[in-house]
Chemist: 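Next up is a structure, given as structure tokens.
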Amino acid sequence: LLMRQADEPTILKGCLKYIQSILQRKDINGFFAYPVNDVIAPGYSSIIQHPVDFSTMLTKIEAEEYHSVMDYKKDFELMCNNAMTYNRPDTIYYKEAKKLLYIGRKQMSKEKLMIMKRNLG
Ligand SMILES: CC(=O)c1cc(-c2ccccn2)c2ncccn12
């Protein structure tokens with residue numbers, strides 16, 4: 001039986017789920033786990049045009065809607081920037097978003113992606 005080499009989408013899916021698992025562990029309060037609603041955040045849906053959260057991103061990973069790590073990184077940065085747009089700088093949501101953005105940029109840096117590619121190679 002020939003070993004079935006995982007195809008590109010499967011490899012990318014594995015990488016993105018690994019990256020998301022690391023980033024979600026940093027969101028200890030789960031502020032970014034699910035879509036923000038207008039009940040907890042008044043006026044959110046009229047202020048934020050392109051809402052995104054980790055659960056939505058996981059659905060997109062499974063549906064193979066991301067064609068590269070850079071694609072995924074765009075949604076991740078949008079999620080953090082949405083929080084830094086809607087919330088004032090003195091709020092826990094703004095501060096957590098800023099921290100998460102920094103961690104995500106390190107996790108998806110050129111160097112880290114090279115190492116991941118090499119280990120998959
Ligand atoms: C991410 C974000 O902007 C957010 C998450 C939350 C949130 C998410 C889960 C539980 C409680 N709050 C929130 N609440 C008020 C205002 C903004 N937020």
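Order of listing sets the numbers, starting from 1, for every ligand and every atom in it.
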Chemist: Kindly tell me which protein residues have any non-hydrogen atom under 4.0 angstrom away from an atom of ligand 1, grouped by chain and ordered by number?
Modeler: F31, F32, V36, I40, A41, N87, Y93
Chemist: Salt bridge check: are R105 and E77 linked by an N-O gap of less than 4.0 Å?
Modeler: yes
Chemist: Tell me which one of T56, L12, L16 satisfies side-chain contact (heavy atoms from CB on, under 4.5 Å) with I61.
Modeler: L16
Chemist: I need the full list of salt bridge (Lys or Arg N to Asp or Glu O under 4.0 Å) pairs touching residues 66-75, with sequence neighbours left out, sorted by first then second residue.
Modeler: K60-D75, D71-K74
Chemist: Going hydrophobic residue to hydrophobic residue with side-chain gaps under 4.5 angstrom, can you get from Y102 over to F31?
Modeler: no
Chemist: Would you say Q20's side chain and F54's backbone share a donor-acceptor pair under 3.5 angstrom?
Modeler: yes
Chemist: Determine, stepwise, if the pair N82 / T85 fulfils side chain to side chain donor-acceptor pair (under 3.5 Å).
Modeler: CA-CA 5 Å; N82 284 344; T85 301; 5.4 Å; no
